[in-house]
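None of the values given here were measured: they were computed from a predicted structure.
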Amino acid sequence: MDCHLSRCRADDVVSVRDSVGIRIVENRDVPWSDRNAWSVPAEPVLRGVLLDDGRIVVANAGNQEVRWYDPSGTLVAQVGRRGQGPGEFIGLGPVARLPADSVVAYDRRLRRVTVLGPDGTFARVAPLAMAEHAGMEFPALEGALGDGTLLFSGRIMETGEMQAGPVRAAMPLYRVDATGALIDSLHTFHGWEATVIMRRTADVVGPAITARPFGRSTSVTTVGAGLAVGTPLSFEYRLYEPHGALTAIVRLDRRARRLTAGDIDAYEASIEDKVPDEAGRRALREQARDWEYPETFPAYGSDLVGDAAGNLWVPSFTHVPTPPSRWSVFDATGRYLGDVEIPVRVQVLAIGEDRLLGLWRDEFDVEQVHLYDIRKP
């Protein structure tokens with residue numbers, strides 16, 4: 001049926017039903033009209049990093065420093081240096097927003113979180129007490145939930161008796177308070193897809209683990225007051241409350257593209273191009289004999305992103321080094337809004353209500369942080 005998107009969206013494009021208290025949202029793959037479409041112009045409005053109230057925060061692992069900028073780009077505060085004392089870092093990783101514009105910075109090497117006030121002042125440091133829990137030897141911070149608790153993921157992979165071929169790690173999720181104490185275990189999901197290859201050299205014959213080509217790995221992000229979890233076996237993601245209760249299953253009727261021999265040849269050639277010497281290329285071709293490819297591309301890419309308005313942005317899948325430029329956007333109810341094209345070579349870091357923060361790389365792989373407007377009708 002031919003109808004204007006804004007008129008037919010509710011009845012003809014989206015169907016919603018309840019299944020034992022869980023909302024099931026089925027979306028047709030119908031693009032939004034020119035009148036309703038969002039866009040991200042290629043020209044950034046600012047070079048910097050983003051916070052919820054319009055300010056910008058930069059977490060720089062190079063100098064182990066966190067910086068705050070006002071919306072015009074003026075430096076207003078900076079915290080951190082290399083070290084292990086309070087307010088210092090040696091493995092600065094992601095930052096997450098807490099209520100009232102406080103920020104938590106995670107040090108992956110020291111396994112601790114540092115809470116910083118709205119003006120950048122040091123508040124406290126909290127070591128994680130989670131090493132005894134399954135898969136949490138090297139936890140990853142996934143974000144802060146609406147109640148101020150922190151979401152961490154881990155990885156569980158059995159390494160004994162490995163044979164060549166695909167393997168899968170389980171991904172447990174844990175909720176932690178701002179003091180580093182474990183609150184509860186949420187769920188364990190289909191995690192990182194890897195492949196076991198057999199190294200055959202003059203000195204070593206044995207298994208090694210690497211990412212599976214075109215693997216389907218689960219992505220977790222905080223969105224609204226809860227979290228979204230997506231495993232791209234099909235175009236589907238799930239919404240959970242902070243304590244782990246499933247509230248909705250959201251689907252889009254977009255089929256994953258089948259993998260062809262040409263896709264595989266192009267992938268292997270792109271990997272081989274990165275190896276500088278012939279001996280290394282021969283070793284790579286030897287390892288490739290153990291690669292087992294899936295039948296289709298993943299339904300979408302990794303790294304879901306929740307924006308400040310509660311929308312979820314789902315990236316298209318790409319196996320090339322450049323980040324995806326097409327993102328599918330769903331509102332807080334799971335309704336598919338449409339696809340947004342962002343500038344090429346931009347890795348999305350955070351999304352506000354009307355601005356998008358990205359790490360841009362030029363043709364020489366030089367990085368700059370850019371802030372872009374999101375234009376909405």
Q: Step by step, work out the side chain to side chain donor-acceptor pair (under 3.5 Å) result for T296 and R216.
A: CA-CA 10 Å; T296 66; R216 293 145 173 76; 2.6 Å; yes
(Q) If you apply the rule side chain to side chain donor-acceptor pair (under 3.5 Å), what do you find for D177 with T149, and how did you get there? (A) CA-CA 5 Å; D177 68 21; T149 59; over 6 Å; no
(Q) Applying side chain to side chain contact (heavy atoms under 4.5 Å, CB included) to L239 and V223, what does each step give before you reach the verdict? (A) CA-CA 9 Å; L239 297 173; V223 58; 4.2 Å; yes
(Q) One pair to check against side chain to side chain contact (heavy atoms under 4.5 Å, CB included): I351 and I374. What are the steps and the verdict? (A) CA-CA 9 Å; I351 306 174; I374 302 173; 3.7 Å; yes
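The nearest pair of heavy atoms linking L150 to V113 is CD1-CG1, 4.0 Å. Considering all non-hydrogen atoms of both residues, G93 and A59 come closest at O-CB, 4.1 Å. Closest heavy-atom contact between P298 and G215: CG-O, 3.4 Å. Nearest heavy-atom pair, A37 versus P377, reported as atom, atom and distance to 0.1 Å: O-CD, 3.6 Å. In plain terms, the two heavy atoms of G143 and T222 that are nearest each other are C-CG2, 3.8 Å. Across Y237 and A228, no two heavy atoms sit closer than the pair CD1-CB, 4.5 Å.
Between F330 and Y336, the ring-plane angle classifies as tilted under the 30° and 60° cut-offs. Ring pair F214/Y293 is tilted by interplanar angle, where 30° to 60° counts as tilted.
Although no hydrogens or angles enter the test, the distance criterion places a donor-acceptor pair under 3.5 Å between the side chain of Y300 and the main chain of T231. The backbone N or O of A61 lies less than 3.5 Å from a partner atom in the side chain of Q64, making a donor-acceptor pair. Not one N or O on the side chain of R55 forms a donor-acceptor pair closer than 3.5 Å with the backbone of D119. At distances below 3.5 Å, not a single donor-acceptor pair connects side-chain atoms of T247 with backbone N or O atoms of E241. Listed for the R155 side chain is no donor-acceptor partner under 3.5 Å among the backbone atoms of E137.
Here the CD1-CG distance, from I183 to L145, works out to 8.5 Å after rounding to the nearest 0.5 Å. Residue E88 holds its CD atom at 4.5 Å from CZ of R81, rounded to the nearest 0.5 Å. Note that the CZ atom of R345 and the NE2 atom of H370 stand 10.5 Å from one another [nearest 0.5 Å]. The CZ atom of R175 sits 13.5 Å away from the CZ atom of F152 when rounded to the nearest 0.5 Å. Atom OG of residue S234 and atom CG of residue D253 lie 11.5 Å apart, to the nearest 0.5 angstrom. Going from atom CD1 of I22 over to atom CZ of R17 covers 11.0 Å, rounded to the nearest 0.5 Å.
Using a 4.5 Å heavy-atom cutoff, the side chains of D263 and F297 are in contact. The side-chain heavy atoms of P294 and R212, taken from C-beta on, include a pair separated by under 4.5 Å. In this structure, the side chains of W360 and P343 stay at 4.5 Å or more apart for every pair of heavy atoms. The closest side-chain heavy-atom distance from V40 to R375 is not below 4.5 Å. Looking at V220 and M171, their side chains come closer than 4.5 Å, going by heavy atoms from C-beta outward. With contacts defined as side-chain heavy-atom distances shorter than 4.5 Å, the pair V229/H187 does not qualify. For the pair N27 and F235, the minimum side-chain heavy-atom distance is 4.5 Å or more. The shortest side-chain heavy-atom distance between N60 and L92 does not fall under the 4.5 Å cut-off.
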Return a table of donor-acceptor pairs under 3.5 angstrom between the side chains of residues 308-317 and protein atoms on other chains or two or more places apart.
| unit_1 | atom_1 | unit_2 | atom_2 | d |
| --- | --- | --- | --- | --- |
| N311 | ND2 | D307 | OD2 | 3.0 |
| W313 | NE1 | D307 | OD2 | 3.0 |
| S316 | OG | R326 | O | 3.2 |

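Checked for salt-bridge contact, R23 and D18 miss the test: no charged N lies under 4.0 Å from a carboxylate O. By the 4.0 Å N-to-carboxylate-O rule, R251 lies close enough to E26 to be salt-bridged with it.
No path of Ile, Leu, Val, Met, Phe, Trp and Tyr side chains, each step under 4.5 Å between heavy atoms, connects L182 with Y240, placing them in separate hydrophobic clusters. At a threshold of 4.5 Å between side-chain heavy atoms, the hydrophobic network of Ile, Leu, Val, Met, Phe, Trp and Tyr places L371 and L349 in one connected group. Cluster annotation: L246 and L227 are assigned to the same hydrophobic cluster (Ile/Leu/Val/Met/Phe/Trp/Tyr, side-chain heavy-atom contacts under 4.5 Å, transitive). Transitive grouping of hydrophobic side chains (ILVMFWY, heavy atoms separated by less than 4.5 Å) brings W68 and F89 into a common cluster. Residues V95 and V76 share a single hydrophobic cluster, defined by chaining ILVMFWY side chains whose heavy atoms lie under 4.5 Å apart.
No more than 12 heavy-atom neighbours from other residues, nucleotides or ligands sit within 6.0 angstrom of CG on D34. By the 6.0 Å contact criterion, CZ on F138 is open, its count of non-hydrogen atoms from other residues, nucleotides or ligands being 12 or less. Around CD of E278, the count of heavy atoms belonging to other residues, nucleotides or ligands within 6.0 Å exceeds 12.
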